[in-house]
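Since the structure comes first, as structure tokens, the remarks are kept for the end.
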Amino acid sequence: MKRVAYEMLSKKDRKSKHLSAARFIESGWGLDEEEFIEVVADHYLQAYNAVPDASDAPDIRDLARGRLAGAAERAASLAASYEALRYFEQASELTDDPVQQAELIERAASMAQAAGRAEAKTLFERAKSTFEAKGLTHPAARVAARLGEVIWDTGRIGDALEMMDRSFGVLAAEARDEAFATLAAQLGRFLFFSGKPELALERTEAALEVAEALWLPEVLSQALNTKAVILYSSRARRREGLALLRYALEVALEHDIPSSALRAYYNIADLAAQSDGYKEAREYVRTGLELARRVGNRYQEWLFIGQAYPLLVLGEWDRVLELASSLPEDSKTQARQAWTSFLLFETFVRIHRGEPDEARKALGRFTETDRSADVQEMTMIGAGTSAQLQAEGRHEEALATAESVFEHRLELGISLESMKESFVTAAEAAFSLEDLVKVDQLLRFVDGLPSGNRPQFYDAQASRFRARLFARRGDPERVEAGFKGATGLFREMAATFYMSVTLLEHGEWLAGQGRGEESRPLLEEAREVFDRLRARPWLDRLERLTASAEVDPAR
């Protein structure tokens, strides 16, 4: 009945009633005014739409735009990114000022990006084009930094860098302000991931200089973050990198900048994993994921979902598969980094569970990987591919692919998960090919790493592979020491799968030496882990051993 009565009102009467309602609500505004701003915005919008050619229409339109922008900011503060996007877009339609419209579209684009919406790219492009048309190079550069991120996430890092570099060239000749610093910080980040750490550091330093001078907390946090990644990845200065990351996080939290805090949590977790602190890394991922969900940042949520390597190493394989399946199909463009992570992680689990068809399916989940210009992404793809080739018995191809990944260690650092797993695959493939010279070469590489910069993962794997090498060469004392040393190091890292593989290999060697009794506790511990992981090929291998005459375990 109310709707029928409303439809019977003249447009002027509708306008009057909407204005009265809006003003009545505003007259009672107090501390809780934000709770009603969406309602007020709608009343002003309805009043304007009722008689858009009235003499007071421009004033009503301005009120509607202001209240819609306020409603958008409130929605953003409540982690309702999609609602904020809609309100900003509506507000942008209520102005004839192109610059004001571009500013509102830019805010809408930011909300679209946070919500993981594909229209973020189109909206950023609209805002950038408008600023450029008006000769506003600095706002255009600011938008270019954000647009570059969106383009980069689609795998078109070359296009992103080209566009951003053009804007940087323009701003570098003008006043170095917040727009310049923002762009320089983002450009430094992308240059690093494109395999240009020296130029990346140069741009990052330029951003830091301006951020310090003008006190720009968000730029400072982001630039410190990038500098930390460069130092701990390509310069092997992990401790310095960690110190910078912690301060970047401190700045972000102190100034309530969720986007910077999320990136800091992500990279601290990454550094912890690179330093073999997998339990610590898991906690940082958990904290970051909670924050991303609390502030409604779907894009960052997907990135944390993709940071599953700590779970893989810790033996939480069901959780890895659960996370892999939780990425929505329509997020492939926005969450490319997360999707490509599972080309290694999910493939690894499927291989070691004896699911070859599922492993191939996992490796093919993302079909546009061959066009990637992101070096880090390329190595994840290569690491997963080499593991799959090794599992299929294509050892020469596996070795070649793993070594091609390992060639990027100077750009990305040896501690990256793709480097670690490629080292393992290369050694396994070399053993399969009876290429003990290659095994020796890989072990000498580990020996040549400075002790302060050598992850324990490499020490453990090298000790394990060295034991197998000594077994081939008939040096029993060094075999024993190698296996025991590797087991202890893996246990210390809580790397349960590799620990159990080492226990099995040790047990196999003991059985072959006629020492079946000594092998029994090692094999039983390995069996418990393989059972929990449902690592069928390894259980089958263990069963074949325990069924032999050398080992008769008490069950």
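Since the structure is predicted, the reported quantities are computational estimates derived from the model, not experimental observations.
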- prompt: Got a sec, which residues hit side chain to side chain contact (heavy atoms under 4.5 Å, CB included) with A179, two or more places apart in sequence or on another chain?
  reply: H138, R142, L171, D177

task: Tell me, please, which residues at least two apart from S341 pass side chain to side chain contact (heavy atoms under 4.5 Å, CB included).
output: F345, M380

message: List the residues meeting ring pair (Phe, Tyr, Trp, His ring centres under 6.0 Å) with Y265, not counting sequence neighbours, and say none if there are none.
response: none

Side-chain donor-acceptor distances from residues 316-325 under 3.5 Å, at least two apart:
from: E316; atom 1: OE2; to: R282; atom 2: NH1; distance (Å): 2.3
from: W317; atom 1: NE1; to: L312; atom 2: O; distance (Å): 3.0
from: D318; atom 1: OD1; to: R353; atom 2: NH1; distance (Å): 3.1
from: D318; atom 1: OD1; to: R353; atom 2: NH2; distance (Å): 2.8
from: D318; atom 1: OD1; to: R534; atom 2: NH1; distance (Å): 3.4
from: D318; atom 1: OD1; to: R534; atom 2: NH2; distance (Å): 3.1
from: D318; atom 1: OD2; to: R534; atom 2: NH1; distance (Å): 3.4
from: R319; atom 1: NH1; to: E322; atom 2: OE2; distance (Å): 2.8
from: S325; atom 1: OG; to: L321; atom 2: O; distance (Å): 3.3
from: S325; atom 1: OG; to: E322; atom 2: O; distance (Å): 2.8

message: Which residues pass the side chain to side chain contact (heavy atoms under 4.5 Å, CB included) test with R286, not counting sequence neighbours?
response: E283, E290

task: Tell me, please, which residues at least two apart from F190 pass ring pair (Phe, Tyr, Trp, His ring centres under 6.0 Å).
output: W152

- request: Could you list the residues that satisfy ring pair (Phe, Tyr, Trp, His ring centres under 6.0 Å) with F457, not counting sequence neighbours?
  value: Y498

- prompt: What pairs with Q376 under side chain to side chain contact (heavy atoms under 4.5 Å, CB included), at least two apart in sequence or on another chain?
  reply: F193, Q337, D374, L412, L416

Report, one line per pair, each donor and acceptor closer than 3.5 Å where one atom sits in a side chain of residues 206-218; sequence neighbours left out.
from: E218; atom 1: OE2; to: S259; atom 2: OG; distance (Å): 3.3

task: Check salt bridge (charged side-chain N to carboxylate O under 4.0 Å, His left out) between E417 and all other residues, then give those that pass, not counting sequence neighbours.
output: none

field: ring pair (Phe, Tyr, Trp, His ring centres under 6.0 Å) partners for F180, two or more places apart
entry: F168

field: E301 with R298: basic N within carboxylate O range, under 4.0 Å
entry: yes

- request: Hey, could you give me each pair passing salt bridge (charged side-chain N to carboxylate O under 4.0 Å, His left out) that has a residue in residues 239-258? Not counting sequence neighbours.
  value: R237-E240

query: Relative to the ring of F423, is the ring of F406 parallel (under 30°), tilted (30 to 60°) or perpendicular (over 60°)?
result: tilted

